Amino acid sequence: MKNIGFLSFGHWSPSPHSAVRSASDVLLQSIDLAVAAEEIGADGAYFRVHHFARQLASPFPLLAAIGAKTSRIEIGTGVIDMRYENPLYMAEDAGAADLIAGGRLQLGVSRGSPEQVVDGYSYFGHTPEDGDHARMAREHTQVLLDVLKGEGFAEPNPRPMFPNPPGLLRIEPHSPGLRDRIWWGAGSRATAEWAAEQGMNLMSSTLLTEDTGVPFHELQAEQIQRFRDAWAAAGHTRTPRVSVSRSIFPIVNETDRAYFGLESRSQDQVGRLEGGLARFGKTYADEPDRLAAALAQDTAIAAADTLLLTVPNQLGVDYCAHVIESLLTHVAPELGWR
């Protein structure tokens, strides 16, 4: 295990039981948590993107702000729903945020998860002609990947307001290397293979939109192996990266036990999602020695190079930083980190 970071869903709620009661709270606390995670020694700060919800939605102002306040930690998303995106405008935003961060952006993109509203992407001006919204997400992604290469494609105005460089023009600002730091959030083995063919890194969460009857970590490990096989078959020259997400809570004090002690009994779950079977991975919660032993048996964690810890952001920055630090201090060394 080379890298360990956190993944925040960015929830906020006006409930008096929440430490994150407004959109302002979640944005400012996300910056504070990323700064704290870097100081603790974590490797990454990642954020979910959900529209029409009391969660983080527009990632690039947040990523740019974190990039300006940190110096080492990777900054990313997990994931941006490409059904909603104008890929050219996204390339501009991403290029600017990556330059501010000094080339530390790691962008997870995908078709997205079930929505808060019906066909929400249509309100953003994106409606697939044939109704295939998953294909629309893939098409938007392919456009994004193409323009991030930095090659000119737009015909310049012969009488521009400002002088142009020679040749066709590209999206600006261009950030070299960002094209190789795009990850596809794959929910199945087949989409992982597609991501490999496109030359994207693999991001796999605690949910797979299929089930073969084997434990979640084994199905996810198979997904990762299929991704690596497809990558090799495609003939890409660089080494790809793979991340997996997990809910992991070391029990090191009575507060941890009160919040997550019962999760030590957690098991995989199988249910129906958007008309098909899906398998959900379990939560890991236990005292550090038993937790390390259990995680050592997780074959998908062993196969990945990056582990993202889902944090309970509504419990506040201090508690989330405590969870991250507890894992890095008491558990991660047993998994080969550092």
Side-chain angles (χ1 to χ4, degrees), residues 1-9 11 19 33 36-46 48 73 78 202-208 211-225 241-271 278-338:
M1 181 57 59
K2 298 177 182 177
N3 299 279
I4 297 179
F6 73 83
L7 173 62
S8 172
F9 281 53
H11 293 286
L33 182 57
E38 180 171 86
E39 292 172 351
I40 290 166
D43 302 302
Y46 289 73
R48 284 296 300 265
I73 199 168
L202 174 64
M203 183 172 282
S204 191
S205 74
T206 54
L207 163 68
L208 291 171
D211 180 49
T212 63
V214 302
F216 176 85
H217 71 97
E218 292 182 12
L219 181 59
Q220 192 173 51
E222 181 188 346
Q223 181 197 42
I224 293 170
Q225 187 57 54
R241 290 185 60 184
V242 175
S243 74
V244 295
S245 302
R246 291 290 184 273
S247 297
I248 304 173
F249 300 101
I251 307 297
V252 300
N253 60 35
E254 290 308 309
T255 301
D256 299 330
R257 194 175 307 282
Y259 280 137
F260 300 107
L262 294 178
E263 293 293 342
S264 61
R265 309 170 190 170
S266 177
Q267 299 292 327
D268 290 356
Q269 297 183 43
V270 177
R279 182 169 281 267
F280 302 80
K282 67 181 182 180
T283 294
Y284 288 91
D286 214 328
E287 295 181 8
D289 55 344
R290 291 197 290 268
L291 192 57
L295 291 170
Q297 301 302 311
D298 189 311
T299 54
I301 289 179
D305 63 76
T306 299
L307 173 63
L308 300 182
L309 311 173
T310 61
V311 293
N313 76 285
Q314 287 193 85
L315 294 181
V317 172
D318 289 345
Y319 186 74
C320 288
H322 158 74
V323 170
I324 297 167
E325 186 171 28
S326 293
L327 185 127
L328 296 182
T329 302
H330 302 295
V331 179
E334 299 299 319
L335 303 178
W337 180 70
R338 293 283 193 269

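If you're wondering where the values come from, they're calculated on a predicted model, not measured in any experiment.
- Gln220 and Ser204 form a side-chain donor-acceptor contact under 3.5 Å, judged by distance and modelled atom types alone.
- Proximity of a side-chain donor or acceptor of Ser264 to a complementary backbone N or O of Gly261 within less than 3.5 Å is detected.
- A donor and an acceptor atom, one from each side chain of His217 and Asp268, are nowhere located under 3.5 Å apart.
- Counting only N and O atoms by type, the side chains of Ser245 and Thr310 include no donor and acceptor under 3.5 Å apart.
- Geometrically, Arg48 engages Phe9 in a cation-pi contact, judged by NZ or CZ lying under 6.0 Å from the ring centre and within 45° of the ring axis.
- One finds no salt bridge joining Glu263 and Arg257 here, because no Lys/Arg side-chain nitrogen approaches an Asp/Glu carboxylate oxygen to under 4.0 Å.
- Counting only N and O atoms by type, the side chains of Asp43 and Trp337 include a donor and acceptor under 3.5 Å apart.
- With a 4.5 Å cut-off on side-chain heavy atoms, Pro312 and Phe249 count as touching.
- For the residue pair Val311 and Cys320, the shortest heavy atom distance occurs at CB-SG, 3.9 Å.
- Tyr259 and Tyr319 have perpendicular rings, their planes meeting at more than 60° on a 0 to 90° scale where under 30° would count as parallel.
- Thr306 has its side chain out of reach of Ile4: every pair of non-hydrogen atoms, C-beta onward, lies at least 4.5 Å apart.
- With salt bridges taken as basic N to acidic carboxylate O contacts below 4.0 Å, one links Arg246 and Asp298.
- The pair Arg241-Asp305 meets the salt-bridge criterion, since a charged nitrogen lies less than 4.0 angstrom from a carboxylate oxygen.
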